[in-house]
Protein chains: 2
Amino acid sequence: MDSAPNTSLRIELNDKIFLRDPQATDLGRRLVAESVLLIDEMGFEHFTFKKLAQRLNSTEASLYRYFENKHRLLVYLVSWYWAWLRYQIRFHTHNVPDARERLRLVLRILTHAHYDDPSTPQLDEAALYRIVVNEASKAYLTKEVDHDDQAGLFREYKALAASIVAVVQGINPTYPYPHALVSTLLEAARKQLFFAQHLPSLTDTPTMAVEDALYGFLEHLAFSTLG
Amino acid sequence: MDSAPNTSLRIELNDKIFLRDPQATDLGRRLVAESVLLIDEMGFEHFTFKKLAQRLNSTEASLYRYFENKHRLLVYLVSWYWAWLRYQIRFHTHNVPDARERLRLVLRILTHAHYDDPSTPQLDEAALYRIVVNEASKAYLTKEVDHDDQAGLFREYKALAASIVAVVQGINPTYPYPHALVSTLLEAARKQLFFAQHLPSLTDTPTMAVEDALYGFLEHLAFSTLG
DNA sequence: TTATTTTTGATAGTAAAACTATCAAACAAG
DNA sequence: CTTGTTTGATAGTTTTACTATCAAAAATAA
């Protein structure tokens, strides 16, 4: 898959997510880059700001100036990923006239867009995608979900879903569940990859690469549903 | 929907989940029943054994004799739910000859089986289902997933999925992704309910009851996929 | 009924997590 | 060179997530 051009893609996220923009300072940028590696290594539950500070030769207090807590950092990382994915989709589909072909491209990006992206040298894309697969649900599966949603913390995920809904509606404007279908496809893309890696009896053992099998499943699901 | 007969359904779970069988003692049974209410109230992250002990007029140390930690308790609760659901499905479908009709019944139970069940007076079914919707993914989205799986902690979920896969294969034996389809249906049933309650733009606003709309979505998805 | 095993409660304690506060040093910008 | 911003260093608090010990109570077996 071709990547977006190497023009140092700048992603703007809702500033309610952080206390201070981590992209604005050196420590902030290192915080984000290193947290991706550390959360990927040890999992979100075992990750702490203290451990991250040690890796950065900084202090806990310094990191707490950027994010209220580690949950907000997770929201930041996954939001960044959703924004990046939406950009990838827009870039690769914007001059594709046929809606069906656009959906196929979307599904292909969804299932294959986790290789290190040269346009974002500051971030380990592959590690970030593993975080998205393993941890993204925890961003909204909390008691504070309504409060966080009102603050706009899930804006990027909703914007991504909305952009794909438009493609679905372009294919079949009478299909009654376009939003449910899109969120199901988005969730299934991650969940099935997780199952393939950890609980393989919950998915189908591929004779080819996992990503291609996953694409086959989602494509069949989407197109038979949309007719 | 009719319920299973009131014969005090006894569910046997993998004894690797607990240190001591909570169903064997009075404190153990109260632990389980009260933990359902408390986790439902405050969410899994804010739930602690100390708070539970206070509600039970017991002590932290006593509760730690039943479960290694709160994660194991969560695994216990959701496993109990999956076992109960599998029982409901078997009970309601065992004399239905047509595979398509059996799948419809499965989907109806999946989307509607969260009303208080008279056959289990010791547990608040509705609260437990809210826990399953909000917290069940956290049972396996951990760094310890492979270790926990080897210990058999996800046996009930896998058994439930396998039983539904058999129904799917009865409908269309040549469909190449039966396991992926079933786990997607199981996950979507919960996730879409969560979205309907908290992030409604990710699902389709129903003109009827949420459960009926969800059933409609899943039925359409399953049957158009299976042909 | 007594003896024995099991279960619980009470108490105490530890290590780590999840923060918050303060202040001086470093540094960057005007 | 002054001012504002950022960081580091240090210290401290509360809560979480446990573990250990021992006596009391309760269940069970002889």
Side-chain angles (χ1 to χ4, degrees), chain A residues 15-35 38-39 41-77 135 138-139 141-144 147-148 153, chain B residues 15-35 38-39 41-77 135 138-139 141-144 147-148 153:
Chain A
D15 60 16
K16 292 274 175 62
I17 297 175
F18 45 77
L19 298 171
R20 180 181 304 181
D21 183 2
Q23 296 305 328
T25 65
D26 179 64
L27 181 63
R29 286 184 294 267
R30 292 195 300 127
L31 185 174
V32 170
E34 198 67 27
S35 71
L38 203 53
I39 294 173
E41 270 175 42
M42 56 178 48
F44 186 66
E45 274 70 37
H46 299 298
F47 167 85
T48 69
F49 276 7
K50 189 169 193 176
K51 291 171 186 167
L52 180 58
Q54 278 161 4
R55 290 262 286 240
L56 294 169
N57 288 318
S58 178
T59 63
E60 252 184 303
S62 296
L63 306 187
Y64 274 107
R65 288 173 182 131
Y66 287 89
F67 292 98
E68 221 177 297
N69 51 51
K70 69 174 183 171
H71 181 259
R72 291 294 171 113
L73 171 58
L74 178 64
V75 170
Y76 183 89
L77 295 178
E135 323 287 2
K138 298 170 191 168
L141 289 180
T142 70
K143 266 294 168 192
E144 294 79 31
H147 182 266
D148 288 354
L153 264 56
Chain B
D15 60 15
K16 292 274 176 60
I17 299 175
F18 45 76
L19 298 171
R20 182 180 299 179
D21 184 2
Q23 295 305 328
T25 64
D26 179 64
L27 181 63
R29 285 183 293 267
R30 292 196 298 129
L31 187 175
V32 170
E34 198 69 27
S35 71
L38 203 53
I39 294 173
E41 270 175 40
M42 56 178 49
F44 185 65
E45 273 70 36
H46 299 300
F47 167 84
T48 69
F49 276 7
K50 189 169 194 176
K51 291 170 185 168
L52 179 58
Q54 280 162 1
R55 290 262 286 240
L56 294 168
N57 288 318
S58 178
T59 64
E60 252 183 306
S62 296
L63 304 188
Y64 274 107
R65 288 174 183 131
Y66 288 90
F67 293 97
E68 222 177 298
N69 51 52
K70 70 175 183 172
H71 180 260
R72 291 294 170 114
L73 171 58
L74 178 65
V75 170
Y76 182 89
L77 295 179
E135 323 286 2
K138 298 169 191 169
L141 289 179
T142 71
K143 267 291 168 193
E144 295 78 31
H147 182 267
D148 288 354
L153 264 56

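Numbered from 1 within each chain, the chains take letters A, B, ... in sequence-line order.
- Atom CD1 of B/I39 sits about 10.5 Å away from atom OG1 of B/T48, to the nearest 0.5 Å.
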TODO: Quick one, give me the B/S/- string for nucleotides 16-26 of chain D, reading 5' to 3', where B means a protein heavy atom under 4.0 Å from the base and S means that only happens at the primed atoms, P, OP1 or OP2.
DONE: SBBBBB-----
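- A straight line from CD of B/Q54 to P of D/dT15 spans 11 Å, rounded to a whole angstrom.
- Under the rule for a side chain to side chain donor-acceptor pair (under 3.5 Å), B/Y64 has no partner lying at least two apart in sequence or in another chain.
- Rounding to the nearest 0.5 Å gives a distance of 6.0 Å between CD of A/Q23 and CG of A/D21.
- At least one side-chain heavy atom of B/Y66 sits under 4.5 Å from a side-chain heavy atom of B/L27.
- An OP1 or OP2 oxygen of D/dA9 is reached within less than 4.0 angstrom by no side-chain nitrogen or oxygen of A/T59.
- Residues satisfying the side-chain contact (heavy atoms from CB on, under 4.5 Å) test with A/D15, not counting sequence neighbours, are A/F18.
- Interatomic distance, B/F44 CZ to A/K138 NZ, rounded to the nearest 0.5 Å: 11.0 Å.
- The only option from B/D148, B/L77, B/V75, B/L74 that meets the side-chain contact (heavy atoms from CB on, under 4.5 Å) definition with B/I17 turns out to be B/V75.
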Could you pull out every donor-acceptor pair under 3.5 Å between side chains of residues 49-60 of chain B and any protein atom, sequence neighbours left out?
from, atom 1, to, atom 2, distance (Å)
B/K51, NZ, B/H46, O, 2.6
B/R55, NE, B/E34, OE2, 3.0
B/R55, NH1, B/E41, OE1, 3.2
B/R55, NH1, B/E41, OE2, 3.4
B/R55, NH2, B/E34, OE2, 3.1
B/R55, NH2, B/E41, OE2, 3.1
B/T59, OG1, B/S62, N, 3.4
B/T59, OG1, B/S62, OG, 3.0

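- Considering CZ of B/R65 and OG1 of B/T25, their distance stands at 11.0 Å, rounded to 0.5 Å.
- Spacing between atom CG of B/L56 and atom C1' of C/dT7 amounts to 15 Å, rounded to whole angstrom units.
- Using a 4.0 Å cut-off, some side-chain N or O of B/S62 falls inside it from OP1 or OP2 of C/dG9.
- Listed in residue order, the members of residues 16-31 of chain B having a heavy atom less than 4.0 Å from DNA chain D come to none.
- Using a 4.0 Å heavy-atom criterion, one finds that A/F67 contacts no nucleic acid atom at all.
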Task: Derivation of the side-chain contact (heavy atoms from CB on, under 4.5 Å) call for A/L31 and A/L73 - done: CA-CA 10 Å; A/L31 185 174; A/L73 171 58; 4.0 Å; yes
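- Panel note: side chain A/D26, backbone A/R29; no donor-acceptor pair is recorded below 3.5 Å.
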Polar atom pairs between nucleotides 26-30 of chain C and protein, under 3.5 Å, N or O only, would you list them?
none

